[in-house]
Amino acid sequence: MREKIVLIDGHSILNRAFYGLPDLTNAEGLHTNAIYGFLNILFKILDEENPQYLTVTFDVHAPTFRHEMYEQYKGTRKPMAEELRQQVPVIKEVLQAMQIATIEQAGLEADDLLGTISVDCEAKGLDVSIISGDRDTLQLATEHVKIRIPKTKQGKTEIEDYYASDVLEKYGVTPEEFIDVKALMGDTSDNIPGVPGIGEKTATKIIQEYKNIENAHEHAGELKPPRAGKNLAEYWEQAKLSKVLATINTHAEIAFDLEAAKHGNIFTKEAYEYFQRLQFKNLLGRFDVEASANEVEKYFKEVTDKKAIDAIFEKACQADIVGAAISKDAGNVLPLFSHPSGYGRIALAFGKEQIYSIPCDMHTDMEYLFSRLSEVAAHAGLFVMCDIKRYLALLPGIVRERCFDAVIAAYLLNPLKNDYTYEDIAREQLHLMIDENIEESTKACYEAYTCLKAVEPMSKKLKNTGMYRLFEEIEMPLLFTLYDMERAGIKVEAEELKMYGSRLGEQIVRLEREIYEMAGEEFNINSPKQLGVILFDKLKMPHAKKTKTGYSTAADVLDKLAPDFPIVAKILEYRQLAKLKSTYADGLANFIGKDGRIHGTFNQTITATGRISSTEPNLQNIPVRMELGRLIRKVFVPEEGFVFVDADYSQIELRILAHCSGDAQLIQAYREAKDIHRMTASQVFHTPFEKVTDLQRRNAKAVNFGIVYGISSFGLSQDLSITRKEAAKYIEHYFETYPGVKVFLDDTVNQAKEKGYVSTLFGRRRPVPELKSSNFMQRSFGERVAMNAPIQGTAADIIKVAMIGVDRELKRRKLKSRLILQVHDELLIEAEKGELAQVKEILAEQMEKAADLKVPLIVDMHTGQSWYEAK
DNA sequence: GCCTTCACG
DNA sequence: ACGTACGTGAAGGCG
């Protein structure tokens, strides 16, 4: 059995991984996609090959001989993207930690290293596998040297293998001849000029016949097509240069030590720590977890004895901190004992050696476990869980002053993540890796233990980042308010909703027929692809925009076509109705509960800015702008004897901008209760306040919005259908009018670039890793985010404070009225009719005093017998 | 599962 | 030159 060496072309594989994978970033803001992709390929290769030797080659960033020759001749290479560059030293460290040999030598390209080592090792009787993304290396293939080229296809890595015979089969030439083919055809990515007018096809034919360029040159007169021969003669010097450039040096002077390349244990403790830091969760599974077998597991106990269980609860009640978890699986419990909630087990941890998992069974039903756990929550010094809101109905003993939600804390520490699992929290806060393949009982123990132990590091981090008060005084209390809102729900007239839906249905059928008639055929109007074919191919309409996949048929494109093509107007109408029916009429009907109310979910750990989001259904995007859609709000009604009070902040984001920027003009305008859009129009368009036209005011309003979004002339020009130049002029005039705003926005972006994050007035942070990007688009996005997040986030903070205040005051006065919805700058209260005056007073007071700004916070309020009326 | 579109602030 | 407004969630189409 021959021994084997695997040689990896480090830069080439990194490069491939970098461009083949979406951008990934770890908690430190370090880009990791290239490293991740590299390691995936590495592991795949090692699994397949199981080699005795392994070496990774790297280029050194000094100019190399072969390229120096060319760069004198023509230009230089593109610089490496910053996101990739920063990953190069890291992968080298990671490889070192994995005890994998690397080699780099000034003056030599990776290809030359690969070639030289490959020839050397083959001579020593080894099999060689070269892993590279670069087809150049195909010239190195022999009977014992295999070139392996990884390809990313639909997320999966497939590897193409080439021995010498495979090169011949696929390219029609031997590996050696492959050099000459390349010399003729050239390679722009490798800066090989080649011969003009000769591409892959011609080059291959010529070399198949004449074997090398020298011979072909001698027979230049006979080449086909004649033009190729003529060019080869004319560009002979360039062809010779290209051959030199294309030839990999297989006899370079290098210090390669085969013994040092011996492949040993790569799963070292150091490597493990790197993988943790880089947050490569699924790669961590490859490490022998038994070895590091989280010592804590030996204290996990599953308890079923009733007396023992009771003793545990007693002790937990006395503890300073208790971590708890509730899980679905109850092990072998009979269905007879299962709980309507679906839960079958609890776990609790209150000391290093007190970690218990308790399933329900015939002696101990779930009801009992919940009630005892609830007692623990009521008595323990601090009760810690993940996603407390989810369990509040089961654990009424939880007290808001003495509980800690680890998920909410994790969200504040990094609001950019998609989810906040206890596994992530354990890894990030406790450096504890949890195997995915463990029993439910063990899992529950881990979760409870994580909750117990993560409190300290998380509290410390929240304090260090200035977010502890935000956590304790806003986010934690808010969870209880959101829970009450969800439980209250909102009453919906099911019959009315159904009728609204069928009316839409009739109209949709009518429009469908008309559209098919006008198009001359039937097609799926809901398919942008089919619609694009009809409009732009069949009916030859001018196509203004394209998406990645084809023509854009978005509303703003169709709007421009509608005046000229009647069918487009019909399609827009169809779209509007189809949306109303599917998402709202039919969609909402599915969520009406047995009590005639919709109980949606308010999510507290989703948005990057601190806003709340609403799902199942989304009650924050019920139509309002168009009358037809707005009618849906008539089915949202208060209960008998109640009335809706809807209160919304007037221009809260612009007021926050006024406060934060300290701009004198803007502040004065708000203090004097001026019409801000009219005033902006007057200044930006140099028109007396009284003479501002409606159009001017509309445009000024768009500018004001744009400022909050992180203004760009392009964005504004799109919104207003004006040229970029005009938009730029508006912006310039805006900044002349409100110079404080300009200074504020510039400062905010600069500080964000320095610190890597922006903050709200209440201390909430949003990291902005995009600002470090070398990509113009990404960086610009980062700048807009830096301008927008403090404003949107502060508004989110303020209304959260108001919600807590309103909720607290309603309860303190023991009113029947209750808060039921939040729509970012708006609160909806279902008010008992006799309490109306009090409710209005509470709303106004709590909302207005939620923050003390340099400008007043103004609240508009309406009442009505439906959401339609109250808005 | 991703893309496109569209509803809201 | 790059090709965008900020923040969300749901539905339908398509591979």
Side-chain angles (χ1 to χ4, degrees), chain A residues 22 154-155 415-416 523-532 545-558 571-572 574-588 590-591 600-603 606-626 628-630 632-633 648-649 651-653 702-703 705-720 724 727 731 758 766 768 770 773-793 795-796 799 821-827 871:
Chain A
Q154 285 139 18
L416 301 185
F523 64 102
N524 188 342
I525 310 168
N526 285 321
S527 161
K529 198 176 159 188
Q530 294 183 35
L531 181 60
K545 257 202 313 194
K546 282 201 155 189
T547 64
K548 280 174 223 165
T549 48
Y551 305 115
S552 170
T553 66
D556 60 327
V557 175
L558 299 193
I571 289 165
L572 283 165
Y574 170 89
R575 280 240 181 104
Q576 195 194 356
L577 300 190
K579 174 93 175 179
L580 289 174
K581 179 154 166 59
S582 69
T583 305
Y584 298 102
D586 301 346
L588 288 173
N590 290 328
F591 287 100
T601 304
F602 289 106
N603 310 293
I606 298 286
T607 71
T609 53
R611 275 189 177 178
I612 289 165
S613 92
S614 162
T615 51
E616 292 185 308
N618 182 352
L619 293 169
Q620 291 179 321
N621 72 346
I622 304 301
V624 68
R625 292 175 192 167
M626 304 286 286
L628 182 65
R630 191 175 192 146
I632 291 210
R633 293 179 175 231
D648 70 288
Y649 281 115
Q651 297 170 350
I652 187 168
E653 293 187 338
V703 176
F705 266 101
I707 294 291
V708 172
Y709 290 157
I711 195 105
S712 77
S713 56
F714 188 90
L716 185 64
S717 70
Q718 286 289 299
D719 193 47
L720 292 180
R724 265 176 83 164
I731 294 167
V758 288
R766 163 162 186 178
V768 195
E770 297 88 350
S773 171
S774 63
N775 178 301
F776 173 85
M777 271 299 301
Q778 290 233 346
R779 207 170 50 246
S780 305
F781 173 72
E783 287 168 5
R784 293 195 295 271
V785 161
M787 294 188 251
N788 170 266
I791 300 172
Q792 189 182 124
I799 196 155
L821 292 183
Q822 186 253 41
V823 193
H824 310 307
D825 67 349
E826 167 191 359
L827 298 178
K871 178 75 189 163

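By convention in this document, chain letters (A, B, ...) are assigned in the order of the sequence lines, proteins followed by strands, and residues within each chain are numbered from 1. Because only heavy atoms are used, hydrogens play no part in the values below, and waters and symmetry mates are left out as well, while side chains stay in.
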Whole-angstrom distance between C/dA5 and B/dT4, as gauged at atom P: 13 Å

Between CG of A/Asp719 and P of C/dT4 the distance, given in whole Å, is 16 Å

query: OP1 or OP2 of C/dA5 sitting under 4.0 Å from any side-chain N/O of A/Asn788?
result: no

When rounded to whole Å, the CG to C1' distance for the pair A/Asn618 and B/dC6 reads 12 Å

A/Thr547 has its side chain closest, among C/dT4, B/dG9, B/dT5, to B/dT5

Looking only at C/dA5, B/dT5, B/dC3, the nucleotide nearest the A/Ser712 side chain is C/dA5

Using a heavy-atom cut-off of 4.0 Å across all strands, would you classify A/Ser613 as base, sugar-phosphate, or nothing?
sugar-phosphate

One should read off an interatomic distance between A/Lys871 NZ and A/Arg633 CZ, to the nearest 0.5 angstrom, of 6.0 Å

Quick one: label A/Asn526 by what it contacts on the DNA or RNA (base, sugar-phosphate, nothing), any heavy atom closer than 4.0 Å. sugar-phosphate

Exercise. If you look at every strand shown and take non-hydrogen atoms under 4.0 Å, does A/Ala608 touch a base, only sugar-phosphate, or nothing?
Worked result: sugar-phosphate

Q) Would one find a side-chain N or O of A/Ser780 under 4.0 angstrom from OP1 or OP2 of C/dG3? A) no

Comparing nearest nucleotides in DNA chain C, the 5'-proximal residue of the pair A/Pro415, A/Phe714 is A/Phe714

task = Classify the nucleic acid contact of A/Ala786 as base, sugar-phosphate or nothing, counting any heavy atom under 4.0 Å across all strands shown.
result = nothing

Next on the checklist: What's A/Leu716 touching, base or sugar-phosphate or nothing? Going by heavy atoms closer than 4.0 Å.
Outcome noted: base

* Asked: Between B/dG9 and A/Arg625, is there an OP1 or OP2 to side-chain N/O distance shorter than 4.0 Å?
  -> yes

Are A/Tyr709 and A/Arg784 side-chain neighbours, meaning at least one heavy-atom pair lies under 4.5 Å? no

Across every strand shown, the nucleotide meeting Watson-Crick or G-U wobble geometry with C/dA1 (both distances under 3.5 Å) is none

Inset, instruction - Indicate yes or no: at least one non-hydrogen side-chain atom of A/Leu572 is less than 4.5 angstrom from one of A/Tyr574. - result: no

- Across the strands shown, which category fits A/Asn621 at heavy-atom distances under 4.0 angstrom: base, sugar-phosphate, nothing? base

Do A/Gln822 and A/Gln620 come within less than 4.5 Å of each other through their side chains, counting heavy atoms only?
yes

Closest of B/dC3, C/dA10, C/dG7 to the A/Lys579 side chain is C/dA10

Under 3.5 Å, is there an N or O donor on one side and an acceptor on the other linking the side chain of A/Arg575 and the base of B/dT5?
-> no

So, does A/Arg611 get its side chain near the phosphate of C/dT8, meaning an N or O under 4.0 Å from OP1 or OP2?
no

Rounded to the nearest 0.5 angstrom, the CD1-CG distance for A/Ile711 and A/Leu716 is 5.0 Å

request  = Give A/Gly710 one of three labels, base, sugar-phosphate or nothing, depending on what nucleic acid heavy atoms sit under 4.0 Å from its own.
outcome  = nothing

Next on the checklist: Are the side chains of A/Tyr551 and A/Leu531 in contact, using a 4.5 Å heavy-atom criterion?
Outcome noted: no

request  = Please determine if a side-chain N or O atom of A/Gln620 lies less than 4.0 Å away from the OP1 or OP2 oxygen of C/dG7.
outcome  = no

Between CG of A/Asn603 and C1' of C/dG7 the distance, given in whole Å, is 14 Å

Between CE of A/Met626 and P of B/dG9 the distance, given in whole Å, is 14 Å

Of B/dG9, B/dT5, C/dA5, the nucleotide closest to the side chain of A/Pro528 is B/dT5

Q. Is any side-chain N or O of A/Thr553 closer than 4.0 Å to OP1 or OP2 of B/dT5?
A. yes

Item to complete: Take atom P in B/dT5 and the same atom in C/dT4, then report the distance between them in whole Å.
Response: 13 Å

Taken to the nearest whole Å, CD/A/Gln778 to P/C/dT4 is 12 Å

Scan A/Leu580 against the nucleic acid and name what it touches under 4.0 Å (heavy atoms): base, sugar-phosphate only, or nothing.
nothing

* To do: Measure distances between side-chain N and O atoms of A/Arg766 and base N and O atoms of C/dG7, and say whether any donor-acceptor pair falls under 3.5 Å.
  => no

Judged by nearest nucleotide, the residue sitting upstream toward the 5' end of DNA chain C, A/Asn775 or A/Gln792, is A/Asn775

A/Phe602 atom CZ is separated from B/dG9 atom P, nearest whole Å, by 14 Å

One should read off an interatomic distance between A/Leu821 CG and A/Ile612 CD1, to the nearest 0.5 angstrom, of 11.0 Å

Side chains of A/Thr553 and A/Ile571 in contact at under 4.5 Å (non-hydrogen atoms) | no

**Message:** At 4.0 Å (heavy atoms only), tell me whether A/Ala555 reaches a base, stays on the sugar-phosphate, or touches nothing.
**Reply:** sugar-phosphate

From the candidates B/dG9, B/dA7, B/dC3, the one with an atom nearest any side-chain atom of A/Gln576 is B/dA7

Which of A/Val758, A/Asn788, A/Thr607 passes side chain to side chain contact (heavy atoms under 4.5 Å, CB included) with A/Arg766? It is A/Val758

Q) Do the side-chain N or O atoms of A/Ser614 get closer than 4.0 angstrom to the phosphate oxygens (OP1, OP2) of C/dT8? A) no

Check: When all nucleic acid strands are considered with a 4.0 Å heavy-atom cut-off, which category describes A/Glu616: base, sugar-phosphate, or nothing?
Finding: sugar-phosphate

Can you check the distance between C/dA1 and B/dC6, where both ends of the measurement are the P atom (answer in whole Å)?
31 Å

Rounded to whole Å, the CD1-P distance (A/Ile711 to C/dC6) equals 12 Å

Testing C/dG9, C/dG7, B/dA7 for proximity to the side chain of A/Phe781, the answer is C/dG7

Open item on the list: Need one value for A/Phe705: base, sugar-phosphate or nothing, where a base atom within 4.0 Å counts as base even if backbone is also close, heavy atoms only.
Closed with: nothing

| message | Looking at C/dT8, I'd like to know if its phosphate oxygens (OP1 or OP2) sit under 4.0 Å from a side-chain N or O belonging to A/Thr607. | response | no

**Q.** Phosphate contact (C/dG15 OP1 or OP2) by A/Lys529 side-chain N/O below 4.0 Å
**A.** yes

Looking at every strand, decide which applies to A/Val708 at a 4.0 Å heavy-atom threshold: base, sugar-phosphate, or nothing.
nothing

| Which part of the nucleic acid, if any, lies within contact of A/Glu826, taking any heavy atom under 4.0 Å across all strands shown: a base, the sugar-phosphate backbone alone, or nothing? | nothing

To the nearest angstrom, the CD1-P distance between A/Ile622 and B/dG9 comes to 11 Å

Ranking C/dA11, B/dG9, C/dC14 by distance to the side chain of A/Thr583, first place goes to C/dA11

